[in-house]
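Numbering starts at 1 and runs along the sequence shown.
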Amino acid sequence: MSNYRTIVVGTDGSDSSLRAVDRAAMFAANEHAKLIIASAHQPVAEKGGWSRPPSPDHVVDPRAADSLKSEGYKMHGAAPVYEILQVARDRAKAAGAEDIDEKAIEGAPVDALVKLATDRKADLIVVGDIGLDSVAGRLLGSVPATIARRVDIDILIVHTAN
């Protein structure tokens with residue numbers, strides 16, 4: 001195996017993405033690497049109102065959103081992004097990973113993972129294979145294929161189909 005020091009994996013809370021978290025955690029455990037679990041979400045409200053309608057993972061109290069900006073999701077314990085990261089962290093620990101960071105990132109999943117991997121100087125990105133065999137994936141590009149075109153680090157594509 002290579003000496004992976006920092007591994008990034010994204011999750012949206014789906015069973016398939018959590019299988020990718022499991023595999024990333026096993027790699028992190030074997031390599032004694034830091035595992036960064038990321039979940040993308042849309043921006044919270046800004047002063048003056050929403051730029052787009054809120055989704056369920058946003059803080060609904062505009063005072064909290066105004067003062068906390070992108071960290072506002074932490075104020076609402078039932079927010080899906082927070083729950084997704086907690087579930088993923090628990091699974092990663094169960095798979096043997098010890099050095100785990102969680103990161104909620106504003107934006108689209110591909111952009112969020114690429115930026116996080118670049119900013120944190122990751123050695124490996126782990127993604128599921130969802131979309132690789134779909135018509136939409138072939139026409140529009142799947143998450144794994146799009147990430148592969150945008151980074152120059154190793155990518156592990158985990159077979160996550162049932």
Side-chain angles (χ1 to χ4, degrees), residues 1-44 46 51-52 55 57-58 69-74 79-162:
M1 288 203 139
S2 300
N3 283 327
Y4 295 120
R5 305 297 357 130
T6 304
I7 300 171
V8 170
V9 62
T11 183
D12 61 5
S14 66
D15 288 339
S16 64
S17 72
L18 290 172
R19 284 187 214 120
V21 169
D22 294 341
R23 184 65 57 90
M26 287 188 276
F27 264 85
N30 288 338
E31 296 286 325
H32 304 287
K34 172 178 285 301
L35 177 63
I36 304 171
I37 303 169
S39 187
H41 65 95
Q42 294 304 313
V44 296
E46 295 178 7
S51 57
R52 64 188 95 169
S55 71
D57 63 344
H58 292 120
K69 304 287 185 229
S70 66
E71 298 297 308
Y73 75 94
K74 294 179 180 177
V81 71
Y82 180 76
E83 184 178 340
I84 288 167
L85 290 170
Q86 289 299 310
V87 168
R89 181 183 189 81
D90 291 345
R91 285 183 68 138
K93 281 186 176 185
E98 295 176 2
D99 188 1
I100 305 169
D101 280 349
E102 303 160 50
K103 188 76 176 155
I105 305 172
E106 284 187 7
V110 170
D111 294 336
L113 287 176
V114 168
K115 181 172 179 5
L116 179 63
T118 301
D119 290 351
R120 299 291 291 269
K121 297 179 177 32
D123 310 296
L124 176 67
I125 297 177
V126 179
V127 293
D129 65 348
I130 296 300
L132 280 178
D133 291 330
S134 71
V135 172
R138 287 190 294 271
L139 293 174
L140 303 173
S142 65
V143 169
T146 304
I147 289 174
R149 286 190 299 272
R150 293 183 52 193
V151 298
D152 60 356
I153 61 172
D154 290 350
I155 300 172
L156 172 63
I157 300 173
V158 178
H159 181 68
T160 59
N162 291 335

Tell me if a side-chain donor or acceptor on [X] pairs with a main-chain N or O of [Y] at a distance below 3.5 Å.
| X | Y | answer |
| --- | --- | --- |
| R5 | H32 | yes |
| S39 | T11 | yes |
| R120 | I7 | no |

Pairwise distance [atom1]([X]) to [atom2]([Y]) - rounded to 0.5 angstrom:
| X | Y | atom1 | atom2 | answer |
| --- | --- | --- | --- | --- |
| I147 | L113 | CD1 | CG | 4.5 Å |
| E102 | I84 | CD | CD1 | 12.0 Å |
| T118 | I153 | OG1 | CD1 | 7.0 Å |
| L124 | T6 | CG | OG1 | 10.0 Å |

Exercise. Might you confirm whether atom CD of E98 has over 12 heavy atoms from other residues, nucleotides or ligands at distances under 6.0 Å?
Key: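 Not more than 12 within 6.0 Å, no.
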Quiz prompt | Within 6.0 Å of CZ in R23, more than 12 heavy atoms from elsewhere | solution =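 No, CZ of R23 has 12 or fewer neighbouring heavy atoms, counting only those of other groups under 6.0 Å.
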Quiz item: Would a 4.5 Å heavy-atom cut-off, applied to side chains only, mark D154 and D123 as touching?
Solution: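 No, every pair of side-chain atoms sits at 4.5 Å or beyond.
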Exercise. Check whether any side-chain heavy atom of K115 sits under 4.5 Å from a side-chain heavy atom of I105, and report yes or no.
Key: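 In short, these two side chains do not touch, never coming nearer than 4.5 Å.
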Where [X] and [Y] come nearest, the two heavy atoms and their spacing:
| X | Y | value |
| --- | --- | --- |
| V21 | A88 | CG1-O, 3.6 Å |
| A92 | I100 | CB-CD1, 3.8 Å |
| A108 | A40 | C-CB, 4.1 Å |
| A29 | A97 | CB-N, 3.9 Å |
| A148 | I155 | CA-CD1, 3.2 Å |
| A24 | V9 | CB-CB, 3.7 Å |

Self-check item: SB check D99 K34 (cutoff 4.0 Å)
Solution: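 A salt bridge is present here (some side-chain N lies under 4.0 Å from a carboxylate O).
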Quiz prompt | Sole residue of D101, V8, V126, L85 in side chain to side chain contact (heavy atoms under 4.5 Å, CB included) with I37 | solution =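 Only match with I37 under side chain to side chain contact (heavy atoms under 4.5 Å, CB included): L85.
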